[in-house]
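Start at 1 and go down the list; that is how both ligands and their atoms are numbered. Side chains are part of it too, since the values below use all heavy atoms of this structure and drop only hydrogens, waters and symmetry mates.
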Amino acid sequence: MSPSKVSTIKWDEFSNIVDGKPRGGKEKHQGTNPATGEKLWDVPIANQQDVDDAVVAAQKAFEKWSQVPIEKRKELIGKLKDHFAAHSDDMTALLCQETGKPKYIAEFETKGVAGFFDHHLNLTLPEEREEDDEKVMLTRYTPLGVVGAICPWNFPIVLSLGKIIPALLTGNTIIVKPSPFTPYTTLKVVELAQDIFEPGIVQVVGGDDKLGPMLTAHPGIAKISFTGSIATGKKIMAACAPTLKRVTLELGGNDASIVLPDVDIKKTAPELVMGAFQNSGQVCVATKRIYIHEDIYDDMLKEMVEFTKTMKVGSPESGAMLGPIQNKMQFDKVTDFFKDTKANGYKFAVGADEVAQGKGFFVQPTIIDNPPNDSRIIQEEPFGPIVPTQPWSDEEEVIKRANNSLAGLGACVWGKDVERAERIGKRLQAGSVFVNSWEKPTPQAIFGGHKESGIGGEWGKEGLKAYCNVRTPLLTLLLSTIS
Ligand code: NAD
């Protein structure tokens, strides 16, 4: 393999990467540093020609890459892991600027990505064999072709590499589209990859709202792996139908957390709060509704309020625990939940009843005490640091309440009686259920949503199959003998 060389990395210059080469564009846009409201660097806006060229390069590269033995593919992916690790401090700094997250959360992402590499590097594609008197039946998994990866802004590195790694390992080529809000780290990840892989194997095109539909409509793309909102997921599925692309949809959630009466209140309260406010609530599996048994409701809420008051909100360099909302559009959406809560007279247990409008998009973590079931804050995903609590008394009823959502991504159950917690967990309609922990997705477990939270899943042992066709050679024993 003779990899293409882009250049020595410059951390303040950004291009798309098409066919192994940096590509600019006539039109440019910029991300915004959400902690300061200041514009960041120029990035090119890819157009239809760029997408067409990327697809041609990816199809050409696929012919050879799909024939490279899996062990060799793993070796190169391992090199990307090391190459990324050698640049992880620069990546952390860039991630802090484009997302505004505190350094410890950015590092969790830039260092944590090694776990995603390691997990996948330990996997292999299964080959299953069954035999009867007449025939041998094999089940093999083969790559699909060109994958389009459409990514959100909340964890730009993990969520793009979480698609790049399994796509490449299974022998596909991939074109990544970062969110227009956070293009910078993804452009650099793919730039680094050019030092390892031949042109066309991993490419990146960033741009504006017109770009995603160019990928979903393109007949040369075999699969779209999408992570983002439910509303966009529906559009993507519809747009992929005319070309019958495979789709994996990792979408939004409205995760319920059910707290049993026997928990240790002092220990559990900070964990519940962290589940809701991790990364300022901008996590698909952040806890979005908390159901606390009525016997401990007041005491638990009091402890949660006390812990929430200790959470400092600020810029990455301020040493804060929570950063800003990543972009103005999302900030306005979160602000609307505050307006709705105030207008309806629901009770703020902690947090200001309106969001201060400043240069950075900061929102104080806020708990709403027992709003009604039909309130927006119970029904919808705010994707910000505002969470409702409600009391419960009857197990059957609270399970129904938790499941009364079109979303089904994650859920938590907390209790000393682990058997009871597990029993409840089994009945929750969600792809990932956590007992005595807030939602912590791991590359070892397949991740996917029930109901409107998605279609299919990635990661875990099964996740590789999302990047494969299944092929079943049937060998008739009457005419040939095989071993
Ligand atoms: P979004 O749906 O607005 O955008 C996601 C991506 O889709 C972006 O790259 C965007 O440019 C692109 N896009 C938008 N319209 C498109 C179209 N018509 N065709 C093709 N692409 C299009 O989501 P977001 O605001 O970036 O992310 C937040 C949402 O993502 C939340 O709902 C969150 O729960 C969800 N999310 C889910 C997971 C998961 O794994 N299930 C993980 C992270 C975030």
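- Ligand 1 lies nowhere less than 4.0 angstrom from a heavy atom belonging to G449.
- With sequence neighbours left out, the side chain to side chain donor-acceptor pair (under 3.5 Å) criterion links K245 to T243.
- Aromatic ring centres of W392 and Y291 lie farther apart than the 6.0 Å criterion allows.
- Distance from atom 21 (N) of ligand 1 to its nearest protein heavy atom, with residue and atom name: G212 CA, 3.5 Å.
- No part of V285 comes within 4.0 Å of ligand 1, judged by heavy-atom distances.
- Atom numbering of ligand 1 starts at 1 in the shown order; those under 4.0 Å from a heavy atom of L159 are 42 (C), 43 (C).
- Ring-centre distance between F197 and W65: below the 6.0 Å cut-off.
- Heavy atoms of F181 found under 4.0 angstrom from ligand 1: none, in either backbone or side chain.
- For C151, the heavy-atom gap to ligand 1 drops under 4.0 angstrom.
- One N or O on the side chain of E109 and one on the backbone of V158 form a donor-acceptor pair closer than 3.5 Å.
- The protein atom (non-hydrogen) at minimum distance from atom 39 (C) of ligand 1 is C284 SG, 3.4 Å.
- Heavy atoms of A239 found under 4.0 angstrom from ligand 1: none, in either backbone or side chain.
- The protein heavy-atom contact nearest to atom 7 (O) of ligand 1 is F226 CE1, 3.2 Å.
- Looking at K342 and E354, a side-chain N of the basic residue comes within less than 4.0 Å of a carboxylate O on the acidic one, giving a salt bridge.
- Figure legend: cation-pi geometry between K223 and Y467, with NZ or CZ positioned under 6.0 Å from the six-membered ring centre and within 45° of its axis.
- Here the shortest heavy-atom distance to atom 35 (C) of ligand 1, taken over P441, G228, P178, belongs to G228.
- Heavy-atom proximity to L251, at under 4.0 Å, picks out these atoms of ligand 1: 37 (C), 38 (C), 39 (C), 41 (N).
- With a heavy-atom cut-off of 4.0 Å, L211 does not touch ligand 1 at all.
- D53 has a carboxylate O that lies under 4.0 Å from a charged side-chain N of R23, or vice versa, which qualifies the two as a salt bridge.
- In terms of N/O distances under 3.5 Å, ligand 1 is not approached by I150.
- Close approach of ligand 1 to I236 (heavy-atom distance below 4.0 Å) involves ligand atoms 19 (N), 20 (C), 21 (N).
- In terms of protein heavy atoms, atom 40 (O) of ligand 1 is closest to F447 CE2, 3.2 Å.
- Of the protein's non-hydrogen atoms, the one nearest atom 28 (C) of ligand 1 is F383 CE2, 3.6 Å.
- Judged by distance alone, with hydrogens and angles left aside, the side-chain atoms of N254 form no donor-acceptor pair with the main-chain N or O of T287 at under 3.5 Å.
- Among protein heavy atoms, the minimum distance from atom 13 (N) of ligand 1 is reached at T232 CG2, 3.6 Å.
- Residue-to-ligand polar distances keep K288 apart from ligand 1: every N/O pair is separated by 3.5 Å or more.
- Relative orientation of the H87 and H83 rings is perpendicular, given thresholds of 30° and 60° on the angle between their planes.
- Neither the backbone nor the side chain of F155 has any atom closer than 4.0 Å to an atom of ligand 1 (non-hydrogen atoms only).
- Between K81 and D118 there is a salt bridge, with a side-chain nitrogen of the basic residue lying less than 4.0 Å from a carboxylate oxygen of the acidic one.
- In this structure, W41 and F14 have tilted ring planes: the angle between them lies in the 30° to 60° band.
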Original post:
Which is it for D89 and K103 under the salt bridge (Lys or Arg N to Asp or Glu O under 4.0 Å) test, yes or no, and what are the steps along the way?
Top reply: CA-CA 10 Å; D89 289 343; K103 193 172 169 209; over 6 Å; no
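- Taking only nitrogen or oxygen atoms, main chain and side chain alike, P152 does not reach within less than 3.5 Å of ligand 1.
- In terms of modelled atom types and a separation under 3.5 Å, the side chain of N16 and the main chain of P22 share no donor-acceptor contact.
- For ligand 1, the atoms closer than 4.0 angstrom to any heavy atom of P180 are 11 (O).
- Looking from atom 44 (C) of ligand 1 to the surrounding protein, the closest heavy atom is N154 ND2, 3.5 Å.
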**OP:** Verify salt bridge (Lys or Arg N to Asp or Glu O under 4.0 Å) between E380 and K288, making sure each step is shown before the conclusion.
**Re:** CA-CA 9 Å; E380 296 174 28; K288 287 162 190 150; over 6 Å; no
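- In this structure, L144 and C468 approach most closely via the heavy-atom pair CD2-C, 3.6 Å.
- Against a heavy-atom cut-off of under 4.0 Å, L409 is close to the following atoms of ligand 1: 41 (N).
- The E250 neighbourhood of ligand 1 comprises atoms 37 (C), 38 (C), 39 (C), 40 (O), 41 (N), with distances under 4.0 Å to a heavy atom of that residue.
- Here Q330 has no heavy atoms under 4.0 Å from ligand 1, in either its backbone or its side chain.
- Atom 24 (P) of ligand 1 has as its closest protein heavy atom W153 NE1, 3.4 Å.
- Remark: K235 is not positioned above the aromatic ring of F226, lacking an NZ or CZ atom under 6.0 angstrom from the ring centre and at most 45 degrees off the axis.
- Applying the 4.0 Å criterion to heavy atoms of S179 picks out, from ligand 1, the atoms 9 (O).
- Atoms of ligand 1 lying under 4.0 Å from any heavy atom of K177, numbered from 1 in the order shown and given with element: 8 (C), 9 (O), 10 (C), 11 (O), 12 (C).
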